[in-house]
Trainee: 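The structure follows.
Letters go in sequence order (proteins before strands), and every chain restarts at 1.
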Number of protein chains: 2
Amino acid sequence: MQKDNGIASEDVNQANIRFYCAFENLSIELMDKIWKHDENVVCIHPGWDLFTGWLAIRESWTTIFSNTETIRFTITNTKIKIFDNKIAVVVCIENIDTKDPYSGLAIRTGVIATNAFERMEPNCEWSLIHHHGSPITNYIPPNTSSY
Amino acid sequence: MQKDNGIASEDVNQANIRFYCAFENLSIELMDKIWKHDENVVCIHPGWDLFTGWLAIRESWTTIFSNTETIRFTITNTKIKIFDNKIAVVVCIENIDTKDPYSGLAIRTGVIATNAFERMEPNCEWSLIHHHGSPITNYIPPNTSSY
């Protein structure tokens, strides 16, 4: 992870990790906690159209979760940029292990994500306001111990 | 275009338009003007890996321009969010008319883009700091007069 300004950067990194933890756990309750509940938040799933507003985004996650049996993320190449301790833009690679819903075979795919977080008052937590995931063509999994 | 806060929103919209104008004109000089020249700027072309830092990003545009004969953009669904008049996040759909480099046949494709701009001092211009474009599967061109 590239550091920006110390503690704030680590806080943003933890928020980013919580987002993928919510996804791995297929938990709409955890997604509820990480996203800002606002009509202007944006979510772009790989290959999908864009969703605007928390209610539409929440519904998209519910649909994804109900069609996913298992999914695991290894997040690499995390790059964090923070502006005035208010807005953070995170870029990372989602190395995804999941199963084909039809054949049940293991699948490894790669997605590049842009995640933007806003630091909320009064609790100073970083809430997700923008997720843009897009498929990596010619994806090569990273050389990690889990592979 | 969804308005955020008036004049600033229009300024960001104009900056976003200048980005696509630079692309249409296959002009690295115009790209030089719209991007922030910084080692932390990020560019993710559809299906490509990510490029970090202006020098690497500039080289990627040079490669794209040298392999593109003609390209036209119709930008729709522009949504602008501005934070503290310092950072702007733009989401838009790039409706692209281009030619297959091998067959010469006309191609229409759709890309969703996240573009982030930073308001620079002292000239108050909005410079591009983040571009993330990803292909839209099952793309349907908009119903505009040019189609």
Trainee: Heavy-atom cut-off 4.5 Å, strictly under: side chain, backbone, both or neither for B/Asp84 against chain A?
Mentor: side chain
Trainee: What part of B/Leu50 lies closer than 4.5 angstrom to a heavy atom of chain A: side chain, backbone, both or neither?
Mentor: both
Trainee: Are B/Leu30 and B/Ile28 co-members of a hydrophobic cluster defined by side-chain heavy atoms under 4.5 Å apart?
Mentor: no
Trainee: Would you say the side chain of B/Ile44 lies within less than 4.5 Å of the side chain of A/Val91, judging by non-hydrogen atoms?
Mentor: yes
Trainee: Spell out, yes or no, whether B/Ile75 and B/Phe19 are grouped together once hydrophobic residues are joined by side-chain heavy atoms under 4.5 Å, including indirect joins.
Mentor: yes
Trainee: Consider only side-chain heavy atoms of I, L, V, M, F, W and Y, link residues closer than 4.5 Å, and tell whether A/Phe65 and A/Phe73 are in one cluster.
Mentor: yes
Trainee: Is the CD atom of B/Gln14 crowded by more than 12 outside heavy atoms at less than 6.0 Å?
Mentor: yes
Trainee: Can you tell me how far the OG1 atom of A/Thr137 sits from the NE2 atom of B/His45, to the nearest 0.5 Å?
Mentor: 12.0 Å
Trainee: Sub-4.5 Å heavy-atom contacts with chain A: which residues of residues 109-123 of chain B show up?
Mentor: B/Ile112, B/Ala113, B/Thr114, B/Glu118
Trainee: Quick one, A/Asn40 and B/Lys79 - any side-chain contact, counting heavy atoms below 4.5 Å?
Mentor: yes
Trainee: Should we count CG of A/Asn138 as having more than 12 external heavy atoms under 6.0 Å?
Mentor: no
Trainee: Check the hydrophobic clustering (I, L, V, M, F, W, Y; side-chain heavy atoms under 4.5 Å; chains of links allowed) and say if A/Ile96 and A/Ile17 are grouped together.
Mentor: no
